[in-house]
There are 2 protein chains.
Amino acid sequence: MRNRQRESEQQQFIEAVGLSFEQAGLPRMAGRILGWLLICDPPHQSPGELAEVLQASKGSISSMTRLLEQLGVIERLSLPGERRDYFRIRSESWAALFKRRMELVSNFRQLADRGLELLSEHTPEQRQRLDEMRNMYAFFEYEVPRLLERWEQERRSQSE
Amino acid sequence: MRNRQRESEQQQFIEAVGLSFEQAGLPRMAGRILGWLLICDPPHQSPGELAEVLQASKGSISSMTRLLEQLGVIERLSLPGERRDYFRIRSESWAALFKRRMELVSNFRQLADRGLELLSEHTPEQRQRLDEMRNMYAFFEYEVPRLLERWEQERRSQSE
DNA sequence: TAATATGTTCAGTATTGACTGAACATATTA
DNA sequence: TAATATGTTCAGTCAATACTGAACATATTA
């Protein structure tokens, strides 16, 4: 009966996902929820179950699931004949997260443009810093969505 | 004499960069420093000048410039015959920042692998969530460095 | 050597925001 | 209707950390 060991490994995995989420700038508890939803059986869990497994308050589970839902990472699931709600990971979750992150890139490109307006009367040398910033973020702003499309295509052909 | 207006616009730009930096998970003051270094004249500034313009303590300037230096975003500059140090933006700054961010992608791919080990005895259906996560992050872990290379090439050909 | 100019360290403060837990809402069953 | 089961809201707590400011370090000039 290696159940203890297995549970401990699961807990460690959950914490690791939590920490990574925190590094990405999201609340740790949101990461913990996601960590558990990645390995739990069945793959859908009720708020109550989440609170118990993660030893968190119901309030925290409620607000973090709301956040994850808004981010497009999880979805709510209601089963016929059951009054409880469930959450599970959306299949597009990671692409959704990635897209959200890419908004920052667009934001930085806009900042560069704004800076260039400020220096509109200045010499090319003065503007070079902002030109480089702008060019690079514009490049990624254009190319990353294309990369995502390529990924979607590959995924589609994989699942056939 | 529209000097007041100009200064106010500069301050607003600095704050905007600060806020964007904060959204990206870095200290706001680091963003402010970068914001000013993007538009200042001359493009290099001493810690003292930074503290004055940004109305920040010398301590904060000292630790934030250290951080930005470690991140590869700015570099220290000492001019002959001057005892003061200066900071300016590195030309590779944005690529350096971007690469740093991409470490998170690699991290998430590794997490997915770790999860898959935990579910090594489970059915393909059970493992699907983690498979998708792994596949997507592995895709970007591979492709984004290629994109960065393409960018470096374009940049080189631009500056010729 | 003292006086000045410059920069760093670090202990302490202040602020932000994640998280808790109790009160409240809603639905279901008896 | 009361009793139970479930979920949300929100005021308050706590911890992490960005930032300040004073003490300290270092270098330069007189």
Side-chain angles (χ1 to χ4, degrees), chain A residues 11 14-37 42 44-71 73-88, chain B residues 11 14-37 42 44-71 73-88:
Chain A
Q11 286 298 338
I14 290 169
E15 286 308 312
V17 179
L19 287 174
S20 289
F21 243 65
E22 200 168 42
Q23 275 219 324
L26 294 160
R28 188 185 293 192
M29 191 62 76
R32 289 205 189 96
I33 291 172
L34 207 59
W36 176 236
L37 287 178
H44 55 270
Q45 301 275 300
S46 72
E49 288 166 336
L50 290 174
E52 196 195 333
V53 170
L54 304 177
Q55 296 178 76
S57 70
K58 291 194 296 176
S60 160
I61 297 296
S62 177
S63 59
M64 290 303 117
T65 48
R66 181 158 14 97
L67 172 66
L68 288 170
E69 225 177 342
Q70 278 169 356
L71 290 174
V73 179
I74 65 175
E75 60 191 353
R76 195 179 291 261
L77 187 68
S78 58
L79 299 179
E82 291 220 37
R83 61 180 173 288
R84 295 202 295 176
D85 276 358
Y86 293 99
F87 295 103
R88 72 171 168 205
Chain B
Q11 287 297 339
I14 289 169
E15 286 308 312
V17 179
L19 287 174
S20 289
F21 243 65
E22 200 166 42
Q23 276 219 323
L26 293 159
R28 188 184 294 192
M29 191 61 77
R32 289 205 189 97
I33 291 173
L34 207 59
W36 176 236
L37 287 178
H44 56 269
Q45 301 275 300
S46 72
E49 289 167 335
L50 290 173
E52 196 195 331
V53 171
L54 305 177
Q55 296 178 76
S57 70
K58 291 195 295 176
S60 160
I61 298 297
S62 177
S63 59
M64 289 305 115
T65 49
R66 179 156 18 96
L67 173 65
L68 289 170
E69 226 178 341
Q70 280 170 355
L71 290 174
V73 180
I74 66 175
E75 61 191 353
R76 195 179 291 260
L77 187 68
S78 58
L79 299 179
E82 290 220 39
R83 60 180 175 289
R84 295 202 295 177
D85 277 358
Y86 293 97
F87 295 103
R88 74 172 166 204

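Per chain, numbering begins at 1; letters A, B, ... match sequence-line order.
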To the nearest Å, how far apart are [X] [atom1] and [N] [atom2]?
X        : N       : atom1 : atom2 : value
Ile33(A) : dG7(D)  : CD1   : P     : 13 Å
Asp85(A) : dT26(C) : CG    : P     : 15 Å
Tyr86(B) : dT6(C)  : OH    : C1'   : 11 Å
Phe21(B) : dT17(D) : CZ    : C1'   : 17 Å
Glu49(A) : dA5(D)  : CD    : C1'   : 14 Å
Leu54(A) : dT20(C) : CG    : P     : 10 Å
Leu26(A) : dC19(C) : CG    : C1'   : 16 Å
Leu67(A) : dA18(C) : CG    : C1'   : 11 Å

With a 3.5 Å limit on both atom pairs, tell me what [N] is paired to, counting Watson-Crick and G-U wobble, or say none.
N       : value
dT1(C)  : dA30(D)
dA15(D) : dT16(C)
dA25(D) : dT6(C)
dA11(C) : dT20(D)

Short side-chain N/O contact to dT20(D) OP1/OP2 from Ser60(B), under 4.0 Å: yes

Distance below 4.0 Å between Arg84(A) side-chain N/O and dT26(C) OP1 or OP2: no

Residue among Ser46(A), Pro47(A), Ser78(A) satisfying side chain to side chain contact (heavy atoms under 4.5 Å, CB included) with Arg84(A): Ser46(A)

side-chain hydrogen bond (donor to acceptor under 3.5 Å, both in side chains) partners of Arg66(A), counting only residues at least two apart: none

Side-chain heavy atoms of Leu68(A) within contact of Phe21(A), under 4.5 Å: yes

Between [options], which one does the side chain of [X] approach most closely?
X        : options                  : value
Ser62(A) : dT8(D), dT9(C), dT20(C)  : dT8(D)
Arg32(B) : dC19(D), dC19(C), dT8(C) : dC19(D)
Met64(B) : dT9(C), dG7(D), dC19(D)  : dC19(D)
Pro47(A) : dG7(C), dG7(D), dC19(D)  : dG7(D)
Arg28(A) : dT20(C), dT9(C), dC19(C) : dC19(C)
Pro27(A) : dA18(C), dT8(D), dT20(D) : dA18(C)
Ser57(B) : dT8(C), dT20(C), dT20(D) : dT20(D)

Sole candidate of Gln11(B), Glu22(B), Glu15(B), Gln55(B) that passes side-chain hydrogen bond (donor to acceptor under 3.5 Å, both in side chains) when paired with Arg32(B): Glu15(B)

Nearest atoms (heavy-atom pairs only) where Ile33(B) meets Met64(B): CD1-CB, 3.6 Å

Heavy-atom closest pair, residues Ile74(B) and Thr65(B): CD1-O, 3.7 Å

Sugar-phosphate, base or nothing in reach of Gly59(A), heavy atoms under 4.0 Å: base

